[in-house]
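First listed ligand is number 1; within each ligand, the first listed atom is number 1.
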Amino acid sequence: MAPMMKPTDLQNANLTWQDDGAPYSPDYDDVYFSREGGLAETHYVFLQANQLVARWQALDAELIASDSHAVFTIGELGFGTGLNFLSCWRLWQQTACQRLRLHYISCEKHPLTRDALGKALQQWSELAQFSEQFLRFYPDHSAGYHRLPLPDITLDLYYGDALALLQQQSSCDDSKIATPKVIPNARTDAWFLDGFTPAHNPALWSDEILQLIADRSRCGTTLSSYSVTGRVVRSLQAAGFTVEKQKGFGPKRVMLFAQFAGSTERRPDQSPDRTTAASIDGMAHRVRPETAIVIGAGLAGSTVARALANRGVQVTVVDKNVGIAQGASGNRQAVVQMRLNRQADTHWQFHVHSYLYALRYYQALSNQSDNALNWHPCGVLTLDSAYTHTRKAASADDYGHYPPTMLQSVTAADSEALCGIPLQEDGLLQPGGGWLNPAACCQLCLDHPLITVRTNTHVATLTQSTDHRWQVIDDQGQLTGSSDVVIIANSHAAGELAQTELYPVTALRGQVSHVSLTAASQALRSVVCSERYLAPAHGGLHCVGASYVKHSTDDQLSEAEHRENLQKLGNITTQLGFDEHSPATGRVGFRGSSQDYIPLAGAVPDPDLPELRYGSTQHTSAPPVEARLTGLYMSIGHGSHGTVSCPLLAEHVASLACGEYSPLPQPLADCVDPMRFIRRMRKRLR
Ligand code: SAM
């Protein structure tokens with residue numbers, strides 16, 4: 001398998017512009033779209049050839065009749081200017097399905113810059129309404145997997161080489177789940193092959209890529225392209241497609257249409273069966289949960305509840321507290337700041353991608369709600385003194401693997417222009433970061449017709465019946481409810497449940513201090529961090545936080561921690577007219593912090609695995625399996641960076657639960673997988 005590309009390995013498209021304003025690639029010596037009616041050609045070759053409208057309508061009618069929901073997934077090779085995507089989105093809106101959702105995934109090796117894309121799309125006034133919404137979220141940097149929070153469609157842009165991207169795509173492969181399969185693997189329903197002509201770009205039409213396409217197809221999946229090269233036709237046939245040459249667009253004689261004839265849907269004990277007959281788009285492979293119970297109404301639970309409700313799942317959110325967002329998610333101001341890694345490793349990629357998604361997520365939520373969540377992407381400046389007691393001082397060279405749009409070195413001399421106040425230290429700026437009100441964010445996420453919230457409900461036990469439904473029982477022994485899936489999103493309290501009691505997530509007390517603004521501090525525009533963060537004033541108060549106290553269950557405010565918070569702001573305080581004795585109010589919360597500082601998100605491992613039961617494999621001679629509990633997921637251990645990790649991991653967990661492609665590629669899904677602790681135990685025991 002090809003190694004994962006680093007976010008900084010990406011090169012934008014090298015373009016020239018033709019007289020009619022159409023983009024052209026000198027590197028591939030080919031056009032992005034036909035100059036004669038590009039929009040009509042897109043419609044003919046991709047949308048019409050794959051019979052999208054008829055298939056969507058038929059599926060939607062079936063879903064309405066069976067009172068259920070499903071997703072239809074399109075995969076594209078070559079996003080280019082997004083013309084295919086935008087036309088497809090428009091057609092999707094016109095079709096107005098009620099129960100079906102659309103997931104569009106596109107691979108692109110050289111994304112256009114935002115300016116070039118804006119220019120290329122200008123000529124399609126029919127698509128202006130869609131282009132405008134799309135451009136607001138379009139990323140033109142960072143290799144990897146980008147999910148865009150568009151209103152009625154899920155768009156994943158995979159940046160890098162299509163071969164590596166498809167190899168690493170998470171396919172919800174549950175072949176290691178010991179219990180019978182309830183949720184099917186993610187599969188693609190239609191493919192648009194649009195990666196320049198095979199003669200000029202053979203790599204994108206290789207046997208390996210076409211085989212991956214087959215592996216990710218279901219029986220009846222369709223595929224189309226304008227190219228009918230003999231080698232491509234033969235490779236597709238060898239991979240299990242029946243291929244037809246159809247009449248081409250306009251003067252073009254032929255185009256390619258293909259349909260996957262075999263099925264890769266299989267039980268763990270079966271080898272791939274290419275002969276299983278199933279009706280095209282049949283409902284049999286689209287069974288998905290209709291009900292969910294989410295335990296925890298903080299940011300992790302609220303975002304996952306919303307991600308499930310967006311997929312048509314009826315969700316009940318239960319919380320032991322008197323209201324939502326009573327834990328660490330209840331602070332007045334929470335900072336959205338990416339964790340920095342000196343190594344360009346998998347953790348770095350996880351932090352980069354969850355941060356980029358979080359910024360888009362909060363922007364979308366802010367746009368929809370008149371900024372009721374108080375999202376302020378004002379930048380986060382981390383001063384060199386932030387590293388005094390933790391690591392060696394930061395130097396820009398240590399972080400050269402971050403794209404400059406995400407991280408910039410700034411000198412003290414620049415600080416006033418950037419943050420509104422002059423500072424005496426150099427630092428690192430995250431220009432897209434900022435702060436928000438996390439409780440308001442939770443409220444907005446939970447404000448959905450398919451979500452019901454039940455507070456004052458302390459879940460004590462989870463049991464699963466033989467039909468795989470979960471029963472949720474409270475601490476009084478009363479049945480709170482039952483559902484197809486349960487998501488444990490109650491931070492360190494996950495330790496109270498038998499299925500998740502052994503995971504290393506501990507409570508870490510954090511006290512935030514609220515100090516009144518001063519004449520000097522009101523000019524502060526960005527979040528500034530030394531060993532503590534200081535947020536710009538809101539409602540006359542600045543939040544300074546937060547303390548880190550291990551092994552404490554005390555929820556009372558502490559004067560000593562106020563003093564420590566202000567002291568650890570370093571010399572910013574004196575400059576702004578505060579000192580450690582400035583009067584402060586505040587709030588205490590408890591973060592759930594994991595042993596390796598990476599959240600735990602995914603399907604819950606079977607607690608009967610010997611490592612979990614006995615702390616070793618020595619009590620069994622059975623070969624190691626990665627058995628998981630069907631329909632039970634977790635999203636916990638977000639620590640002090642939950643504002644960054646919760647939105648993406650909510651999508652990840654909801655995608656796993658619904659048998660959809662996760663926004664995380666497999667290496668990142670493995671990085672957050674709770675199973676990692678069991679794998680580590682096994683390594684140690686070997
Ligand atoms: N579908 C596009 C549209 O609607 O504008 C047109 C795509 S253009 C004909 C082909 C695209 O394939 C280019 O943007 C190019 O950068 C991309 N591409 C070429 N080789 C690739 C590869 N190996 N992996 C991913 N994308 C690739």
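Close placement of the W124 and F33 rings is indicated, their centers lying within 6.0 Å of each other. Separation of the F134 and F79 ring centroids falls under the 6.0 Å cut-off. Aromatic ring centres of F72 and H103: separated by at least 6.0 Å.
One finds no salt bridge joining D60 and R99 here, because no Lys/Arg side-chain nitrogen approaches an Asp/Glu carboxylate oxygen to under 4.0 Å.
Looking only at side-chain heavy atoms (C-beta outward), F137 and H146 stay at 4.5 Å or farther from each other.
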Can you pull every nitrogen or oxygen pair between ligand 1 and the protein closer than 3.5 angstrom?
from: ligand 1; atom 1: 1 (N); to: E76; atom 2: OE2; distance (Å): 3.2
from: ligand 1; atom 1: 1 (N); to: G78; atom 2: O; distance (Å): 2.7
from: ligand 1; atom 1: 1 (N); to: N84; atom 2: ND2; distance (Å): 3.1
from: ligand 1; atom 1: 1 (N); to: D194; atom 2: OD2; distance (Å): 2.7
from: ligand 1; atom 1: 4 (O); to: L83; atom 2: N; distance (Å): 3.0
from: ligand 1; atom 1: 4 (O); to: N84; atom 2: N; distance (Å): 3.0
from: ligand 1; atom 1: 5 (O); to: T81; atom 2: N; distance (Å): 2.9
from: ligand 1; atom 1: 5 (O); to: T81; atom 2: OG1; distance (Å): 2.6
from: ligand 1; atom 1: 14 (O); to: E108; atom 2: OE1; distance (Å): 2.6
from: ligand 1; atom 1: 14 (O); to: E108; atom 2: OE2; distance (Å): 3.1
from: ligand 1; atom 1: 16 (O); to: E108; atom 2: OE2; distance (Å): 2.5
from: ligand 1; atom 1: 20 (N); to: N201; atom 2: ND2; distance (Å): 2.9
from: ligand 1; atom 1: 23 (N); to: D161; atom 2: OD1; distance (Å): 2.9
from: ligand 1; atom 1: 24 (N); to: A162; atom 2: N; distance (Å): 3.0
from: ligand 1; atom 1: 26 (N); to: K109; atom 2: N; distance (Å): 3.0

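A side-chain N or O of T154 and one of R101 form a donor-acceptor pair less than 3.5 Å apart.
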